[in-house]
Every structure is written in C-alpha cells, then in structure tokens.
Amino acid sequence: MRFMYKLIKKPFFGSFMIQWRNPLSMEERKEWKPISFNSRSKARLRGLVAASKTTSAKGVIVLGHPMGKEAKGYFLKNGYTDLLRENGYHVLVFDINGFGESTVGNFDYFEDIRAAGYEAQKHYPNIPLGYMGISLGGQFATIAFAEEHPFEFAIIESAANTLEDFWVHYPMAFKVLKLMYFLMPNYRKRIRMIDRMKEANGLKKLLLIYLDHDEVILKEAGPNFKRASPLPTELVVFKNAKHAQLAKSENREKYFQLIVDYFNSQTKLVAT
C-alpha cells in the first residue's frame, strides 16, 4: 500500500521526496528532541520538539511546512523556531507524510496536522496550543480545523482555496488530480478547502497572511477564506515577496513581529 501511495504522489511531490538533511549544527541539535508518532494518514511521522528559551513558557506552537525538500527544516533554516522559542514558546516541527523523515501515507495530510497537535499536547500539556501552516501546511489545516482538533488559535499563510487552484500551474500534476477527482468524487468534496473552512471550529481566532501578488496563489484566496470562516478572522496582506518566502523578503521584521504579536495576544486571551 505504501508503494502505491508513493507511486500516485510522484507527479505531485516526486522531486521533494528525498533524503532529509538536518540544517542544524551538531551543537544546535542538542536543544531538540527527535520524536515520532502515528497519523491516521497511515504514516509514521517524524519531528522535533524544543522548549522555550525563556524561564516560563506562554504556550506551544506546531509548525506545518510548505511543499519542498526542506520539509520541517524550512522553519529551522528561516528563523521561525528561534523567533518563537526566544519569545516564550515551546515548538514542535514535523514532516508531513512523504516529506522529510516521515513515511509515505495517503493524501489525508490534514490528519498529519491533527496528529501533530495531539503530540504537542502530550509533550507540553495544560498550556495554550497554537498552529502555523504555510502553503501546503496551511491548505490542509483548513480541513483539520473542520474536524476534531486540539488547536486554540492559528495562522494560515499563502494557502490556496482549492487544490485545483494550486495545481493548475503544474500541468502533469493537474491532469492526475482531475483523474483522481473523477474516480473519487467524495474525496474531492472532503478536501475542498474553501467549503471545509465554513465548518471550522474550536479556534478562538484565525489569522490569514497573504501576498498582494503571489505567483501560485490567487489574489482572492485570502478574502475568500475570510468570508467563509465562521470564526473571528483577520487578514493581513504583504507586498514584494515570493510565495512562502516572506521570511526572506524585505518584510521579514514586520512579518515576524506580526507572528509574535498575534501569538502573544492569543495566549493572553486563552489564559483569561
């Protein structure tokens, strides 16, 4: 079964399903604990957890990575984990199934996000739990939030409203996607993000982060999700950045401050 999943995923993620390289130095790795846990996607997920660098922690944040070879390393390399830990947050990063060190499972990536949330609760119980997902990690979070999940607040960044909207830029993958939808019409309904967003529950607040011009995400995606969301939802739009590259743009400082301010406000709200 795992071989079949891997074969079907080739047109979509074949170039990213490679051996993962840890971007941390040997000294930095000492601060992180390797973890592994099961997902209902039928995969064994692997990740890392690290404690806050402050004397008392405000909460724990789970980070869901965008599509790419870096997988969970995306957050380690681009300063997200340092930012959160230095500002009082425990952090859990994980590889979505088929990426990084995780085994290959089915296409229910939202199950991986749910599993990572429950895993974070095990390591750091009884403190506020938040999530941040970018692109792939954001798209499937919209479905996770429509199911039973442990998160109390979240950030979704640069997520497409539907898989068609994203994969239309990649002709071969788009053809395979349309075939899958023809063969599995019920699955198509289950993972239609813009519709599942209407069922979002459990979150006290949602922050959407988008770009005014994203080469792979429609300009209307952020406003569409905001209109569909039944939760208190804020939309922030940045200029002059590439898809999933805000941390490398001229907006880095403002962007990182937005993340910290948002999580700080939500942990205070949860605590009251």
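Numbering starts at 1 and runs along the sequence shown. This one's a predicted model, so the numbers in the text were calculated from it and none came from an experiment.
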For atom CD of Glu215, is the number of surrounding heavy atoms from other residues, nucleotides or ligands below 6.0 Å larger than 12? yes

Pairwise distance NZ(Lys77) to CG(Asn22) - rounded to 0.5 angstrom: 11.0 Å

Over 60° means perpendicular and under 30° means parallel, so tell me whether Tyr187 and Phe107 are parallel, tilted or perpendicular. perpendicular

Hey, are the side chains of Phe94 and Lys72 touching, using non-hydrogen atoms and a 4.5 Å cut-off? no

For residues 202-226, pull every pair meeting ring-ring contact (aromatic ring centres under 6.0 Å, His included), keeping only residues two or more places apart or in separate chains. none

Can you check whether Ile113 reaches Ile143 side chain to side chain, under 4.5 Å on heavy atoms? no

Give a yes or no on whether the backbone of Asn87 and the side-chain of Lys58 come within a donor-acceptor separation of less than 3.5 Å. yes

Pairs of donor and acceptor atoms involving the side chains of residues 123-132, under 3.5 Å and at least two apart or interchain, shall be tabulated with distances.
{"unit_1": "His123", "atom_1": "NE2", "unit_2": "Glu119", "atom_2": "OE2", "d": "2.9"}
{"unit_1": "Tyr131", "atom_1": "OH", "unit_2": "Gly137", "atom_2": "O", "d": "2.6"}

Any sub-3.5 Å donor-acceptor pair from His90's side-chain atoms to Val49's backbone N or O? no

Quiz question: by atom type and distance under 3.5 Å, do the side chains of Asp261 and Gln257 form a donor-acceptor pair? yes

Does some side-chain heavy atom of Tyr109 sit less than 4.5 Å from a side-chain heavy atom of Gln139? no

Side-chain donor or acceptor of Tyr74 paired with backbone N/O of Gly64 under 3.5 Å: no

Between Arg192 (side chain only) and Thr162 (backbone N and O only), is there a donor and an acceptor less than 3.5 Å apart? no

Are Tyr80 and Phe256 close enough that their ring centres sit under 6.0 Å apart? yes

Side chains of Val93 and His65: does their closest heavy-atom pair fall under 4.5 Å? no

Is there any salt bridge (Lys or Arg N to Asp or Glu O under 4.0 Å) pair reaching into residues 235-259, and which pairs are they, with sequence neighbours excluded? none

Might you point out which heavy atoms bring Gly202 and His149 nearest each other, and give the distance in Å? CA-NE2, 4.1 Å

Would you compute the distance between atom CG of Leu208 and atom CG of Leu235 and round it to the nearest 0.5 angstrom? 5.5 Å

Hey, could you give me the CZ/NZ distance between Arg196 and Lys189, rounded to the nearest 0.5 Å? 12.5 Å

